[in-house]
Amino acid sequence: MSDRETVPPAGPEGAGALPAGAREIASGYAFTGPALDLGALLWDGACHPGVSVRVPLPVLNRHGLVAGATGTGKTKTLQLIAEQLSAQGVPVFLADVKGDLSGIARPGRPDDRVRKRSGEVGQEWAPAGFPAEFLALGGLGHGVPVRATVTSFGPVLLAKVLQLNHTQEQSLGLIFHYADTKGLELIDLKDLRAVVAFLTSDAGRAELRDIGGLSGATAGVILRSLTAFEAQGAADFFGEPEFDTADLLRTAPDGRGIVSVLELPAVQDRPLLFSTFLMWLLADLFHDLPEIGDADKPRLVFFFDEAHLLFHDASRAFLDSITQTVRLIRSKGVGVFFVTQTPEDVPGDVLAQLGNRVQHALRAFTPDDHKALRATVQTFPKSAYDLEELLTGLGTGEAVVTVLSETGAPTPVAATRLRAPESLMGPVDAAGLDETVHASPLHERYAQAVDRESAYERLGAARPAPEPEAAPREKEEPSLVEQVVASGMFKSLARSVGTQLGREITRSLFGTARRRR
């Protein structure tokens, strides 16, 4: 970067002379097709507004990573990318962990910082709001409730949330398989508890004789995990009406993509739940969408915030499923961006699928920090920068960028001063959120929870009145199991409720299910 020889300007007329050492970088971002403008090139400590660092719109389905230490500007980067995708007609999904992305629906406010940044990067900044839907898991928050049925959530993701081991996960899969084939619909958590209780009764064990057994100890662990899960308020997330992920793919009447903002601050104390729920949304899209191959623009770009939570303590099978989903969903037109602090938070097999990279500053205060910094540098292509020095010296709103070009080749590593978002950089007040939510066409469809007849009611209806016993008996299982009497009525019921509906269930890589409509 010490080469001070200059060459003709690389950008708009009047942008100034460009140092020769930056010429290769500038040429690597001179795309001819539609692209998102991330910011202006940084070289030798100077910002060059005539050299725009961009990412081609068609490669946004090749996935990406936005990483960096807390406070370095990752959230504003998400907002910047989401705005431009929406403007190009691409729907966006944002996980709003900290509660400060709702401002994307309102025009930004010009102030000294915005004017300074836009002047530095050559941005013609104008305030703009974008069409947005606000969602909330289980209705915990101001957004439209997002729920899933236990059946569609599936055993693999639920085992992850319940922190079951491999044997317990297999047993949970057996329970789901039994319920699927017998038409015992698992809508909410009490349905699952009822089926587990039945299968540990004498009649239920007989039902499982041909396909494997379920030990009382394992059933007890599953039931206790479900009880603890419900105690955390998780029951609100499971039920009907189930959210249709096709609603994430809509565009506004003016052709702009709708930005779906999932509000998560109310569940920050349950990080494993929300990260796994996001994986359900992605897996459900994968299950439903047809292949489209390479396209002019993505169908949807999905931002997966706090991504390290998804991979923490994950089984090998779970990681393999994530890797395969990320690899294959690209051809269905969906791009996935993982947002986290360091690339080390994302397993190597997943990281290898990510073609676009925005790396904000890293801090190196401890030996572990230095180790993580060196590991991060090794994940970049060969660079003209001293990346170890650069990554610790970047300011807020600056990042190191490398993306895929229009031909699919990696672009040169470019230190970048990022543009300012044009929407409000902060949250919308609660009254404004409520107004937007109630005006949404999704509110009428999803706001009111429905509790229809399912496994709990069917099994409960067949339960005979208990007969008094001479003395109380100690039970290994929770109280629901004590309510289940080993009766021939159960066996008859379970055999009679096998329906075509149950046989139509198919399960994907994650065990998620969607019945044919």
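All residue numbers in this chain count up from 1 along the given sequence.
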| request: Kindly determine whether Glu185 and Thr151 satisfy side chain to side chain donor-acceptor pair (under 3.5 Å), including the steps that lead there. | output: CA-CA 7 Å; Glu185 291 195 86; Thr151 283; over 6 Å; no
| task | Quick one: closest heavy-atom pair of Thr251 and Gly89, and the distance? | result | CG2-O, 3.8 Å
| message | Within the 4.5 Å heavy-atom criterion, are Phe277 and Val146 side-chain neighbours or not? | response | yes
| message | Please verify the inter-ring angle class for His443 with His438; under 30° counts as parallel, over 60° as perpendicular, anything in between as tilted. | response | tilted
| task | Taking all heavy atoms of Tyr29 and all of Pro412, pick out the closest pair and write down the distance. | result | OH-O, 2.5 Å
| Check: Ala415 main-chain N/O paired with Tyr385 side-chain donor or acceptor under 3.5 Å | yes
| task | Please confirm whether the backbone N or O of Thr149 pairs with a side-chain atom of Glu242, one donor and one acceptor, at under 3.5 Å? | result | yes
| message | Please give me the minimum heavy-atom distance between Ile25 and Val413, naming the atom from each residue. | response | CD1-O, 3.6 Å
| query | Where do His142 and Phe134 land on the side-chain contact (heavy atoms from CB on, under 4.5 Å) test, with the steps shown first? | reply | CA-CA 8 Å; His142 297 277; Phe134 297 105; over 6 Å; no
| field | Distance in Å, Asn61 CG paired with Asp294 CG, rounded so as to fall on 0.5 Å steps | value | 6.5 Å
| said: Test of understanding: with side-chain hydrogen bond (donor to acceptor under 3.5 Å, both in side chains), list the residues that count as partners of Gln163, not counting sequence neighbours. | reply: none
| remark: Separation between CG (Asp296) and CG (Leu57), nearest 0.5 Å, reads 8.5 Å
| said: Less than 3.5 Å apart, any donor N or O on the side chain of Asp284 or Thr512 sitting next to an acceptor on the other? | reply: no
| Would you say Glu240's side chain and Ile187's backbone share a donor-acceptor pair under 3.5 angstrom? | no
| request: Taking all heavy atoms of Ala95 and all of Leu101, pick out the closest pair and write down the distance. | output: O-CD1, 4.1 Å
| query | If only atom types and distance count, is the side chain of Arg147 paired as donor or acceptor with the main-chain N or O of Tyr446 below 3.5 Å? | reply | yes
| task | Give a yes or no on whether the backbone of Glu422 and the side-chain of Glu83 come within a donor-acceptor separation of less than 3.5 Å. | result | yes
| Test side chain to side chain donor-acceptor pair (under 3.5 Å) applied to Gln359 and Thr376, step by step | CA-CA 9 Å; Gln359 176 68 60; Thr376 297; 5.1 Å; no
| side chain to side chain donor-acceptor pair (under 3.5 Å) between Thr323 and Asp320, worked out | CA-CA 5 Å; Thr323 304; Asp320 289 345; 5.2 Å; no
| Inter-residue atom distance Ile258.CD1 - Leu248.CG, 0.5 Å rounding | 10.0 Å
| If you measure from the Lys or Arg side-chain nitrogens to the Asp or Glu carboxylate oxygens, is any gap between Asp188 and Arg193 under 4.0 Å? | no
| Distance-minimising heavy-atom pair for Val403 and Arg54 | CG2-O, 3.6 Å
| request: Kindly give the heavy-atom pair with the smallest separation between Phe31 and Pro56, and that separation in Å. | output: CE1-CD, 3.5 Å
| Is there a donor-acceptor pair closer than 3.5 Å between any side-chain N or O of Trp125 and the backbone N or O of Pro421? | yes
| field | Exam field: side chain Lys297 to backbone Gln88, donor-acceptor pair closer than 3.5 Å | value | yes
| request: Indicate, with yes or no, if the rings of Phe311 and Phe338 have centres closer together than 6.0 Å. | output: yes
| message | For a quick check under 3.5 Å, do Gln79 and Ser423 share a side-chain donor-acceptor pair by atom type? | response | yes
| task | Taking the side chain as every heavy atom from C-beta outward, state whether Val150 and Leu189 have any pair of such atoms under 4.5 Å apart. | result | yes
| query | Would you say Arg299's side chain and Leu249's backbone share a donor-acceptor pair under 3.5 angstrom? | reply | no
| field | Donor-acceptor contact present, side-chain His360 to main-chain Ala399, <3.5 Å | value | no
| field | Over 12 non-hydrogen atoms of neighbours within 6.0 angstrom of CG in Asp254 | value | yes
Please output the side-chain donor-acceptor pairs of residues 102-112 that fall under 3.5 Å, not counting sequence neighbours, one pair per line with the distance.
residue, atom, partner, partner atom, Å
Ser102, OG, Val428, N, 2.8
Arg106, NH2, Gly432, O, 3.4
Arg106, NH2, Thr436, OG1, 3.4
Asp111, OD1, Arg113, N, 3.1
Asp111, OD1, Val114, N, 2.8
Asp112, OD1, Arg115, NH2, 3.1

| task | Could you please spell out the steps behind the side chain to side chain donor-acceptor pair (under 3.5 Å) verdict for Glu291 and Ser331? | result | CA-CA 6 Å; Glu291 301 275 337; Ser331 63; 2.4 Å; yes
| said: Are more than 12 heavy atoms, taken from residues, nucleotides or ligands other than His370, located less than 6.0 Å from that residue's NE2 atom? | reply: yes
